[in-house]
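One structure below.
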Amino acid sequence: MSQYRTFTAADAVAYAQQFGGLAKPAALVNAQEVGDGNLNLVFKIFDSEGVSRIVVKQALPYVRCVGESWPLTLDRARLEAQTLVEHYKHSPEHTVNILHYDPELAAMVMEDLSSHRIWRGELVSGVYYPQAATQLGEYLARTLFHTSDFFLHPHDKKAQVARFINPEMCEITEDLFFNDPFTDHERNSYPAELAERVVALRNDDALKIAVASLKHRFFSSAEALLHGDIHSGSIFVAEGSLKAIDAEFGYFGPIGFDIGTAIGNLLLNYCAQPGHFGPRDAAAHREQRLQDIRELWLTFAERFTALARTKTRDVALGYPGYVERFLKHVWQDAIGYCGTELVRRTVGMSHVADLDTIEEHETRIACIGHAIELGKFLIVIADQIDNVDQFIARVRQKG
Ligand code: SR1
Ligand code: MG
């Protein structure tokens, strides 16, 4: 019988004392539940001095932001912990350290990152971390290369694909990214003023075929172990440091999905700028986001290529010129998935603070409208954009 029970703060303290690996576990005395995501409980565990020392995270058997009417697998805690453990092996500087996990309790203990802040909040406040985009590119290159067919033995790769089968979490993405925004679905949520543009998405054949193709690859392209939800709310930053967290959507999928999600969230912030700052600062922050995107992609591509040249184990995949061809395909996928992130975060169920916190109504509508149009545009023209400088030029072209 399952031992699962939902943790109270006292349970979380006891769990951290037992599994946190601290020299003096009795020093841990209380817990505060700080989860602000859509899915889980997150407890910070404090010592008697009031210092946060460790974090306990537990999956609930339902979607937290909706309630018990939307049940959700507890196995996501195992998948999250195992994805982060795997990514930590390849990129320890940029992955949160999981100290312990327990599939029965759907719980894990992880390092405390109180010295860091969630990147989305910092982007919304206009706080710039000049190294973050490079570090994110590095994280993506290292984790995705070392879990791909370039590096893994074919038997090991297939065993890993099986270990990371994640049907229920993938179904959320399949629905929220590729179905809901392009149909009249009750989960959708968008300002009434934009209804006409939203209806236009449902009637755009070229758009829907491009989205079908992206969804098809999300279903079937087991290229590498993805984070699966690498938006700016799944990333902690501090000066000179970046750490990925929250990998419960991890599975073997198309590499372009992780890259596109990351770029998409930088673009959502780009679109939101006029809602948070006056024209001069908004323009400067927009320029930073475009340079972040450039830096992210170039770092990813350069590092992935360098790893492929020195560490590819497969004879055919190691053939000179092949990695460049593969990255071309990853890039075009990334643009398409980036477009779907823009559309689903504005039309679909799950929105972002970048846009939601814009106080002035008219400006908020204009920024959301901009993100929808930009997302749609990128999905449709993805295969006409050959490199990141062309991408930036196209983004500027759309305002
Ligand atoms: C029902 S979960 C909604 C969204 O929250 C997560 O962070 C993922 O982005 C998911 O799509
Ligand atoms: Mg999350």
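Ligands are counted one by one from 1 in listed order, and the atoms in each one are counted from 1 as well. One-based numbering along the sequence shown. All values derive from a computational prediction rather than experimental measurement.
Residue Phe249 touches ligand 1 through its side chain alone, judged by heavy-atom distances below 4.0 Å. Looking at Met169 against ligand 1, nothing comes within 4.0 Å, counting heavy atoms.
Within the 4.0 Å heavy-atom cutoff, Arg187 does not count among the residues contacting ligand 1. The closest approach between any non-hydrogen atom of Asp229 and ligand 1 is below 4.0 Å.
Less than 6.0 angstrom separates the ring centroid of Phe177 from the ring centroid of Phe257.
Taking the six-membered ring for Trp and thresholds of 30 and 60 degrees, Phe300 and Trp297 have ring planes inclined between 30 and 60 degrees apart. Note on ring orientation: taking the six-membered ring where Trp is involved, the planes of Phe145 and Phe151 are tilted (angle from 30° to 60°). The aromatic rings of Tyr139 and His227 lie perpendicular to each other, with more than 60° between the two planes, well past the 30° mark. Using bins of under 30°, 30° to 60° and over 60° for the plane-to-plane angle, the ring pair Trp331/Phe391 lands in the perpendicular bin.
Among all protein heavy atoms, the one lying closest to atom 11 (O) of ligand 1 is Arg344 NH1, 2.7 Å. Of all protein heavy atoms, the one closest to atom 3 (C) of ligand 1 is Asn38 ND2, 3.6 Å. In terms of protein heavy atoms, atom 2 (S) of ligand 1 is closest to Leu39 CD2, 3.9 Å.
In this structure, Asp112 has no salt bridge (charged side-chain N to carboxylate O under 4.0 Å, His left out) partners at least two apart in sequence or on a different chain.
Annotation for ligand 1: atoms under 4.0 Å from non-hydrogen atoms of Met349 are 1 (C). The contact set between ligand 1 and Arg345, taken as ligand atoms under 4.0 Å from a residue heavy atom, comprises 9 (O). Near Leu176, with a cut-off below 4.0 Å to any heavy atom, the atoms of ligand 1 are 3 (C), 11 (O).
Between Trp70 and ligand 1, no N or O atom pair is found at a separation short of 3.5 Å.
A donor and an acceptor atom, one from each side chain of His90 and Thr147, are nowhere located under 3.5 Å apart.
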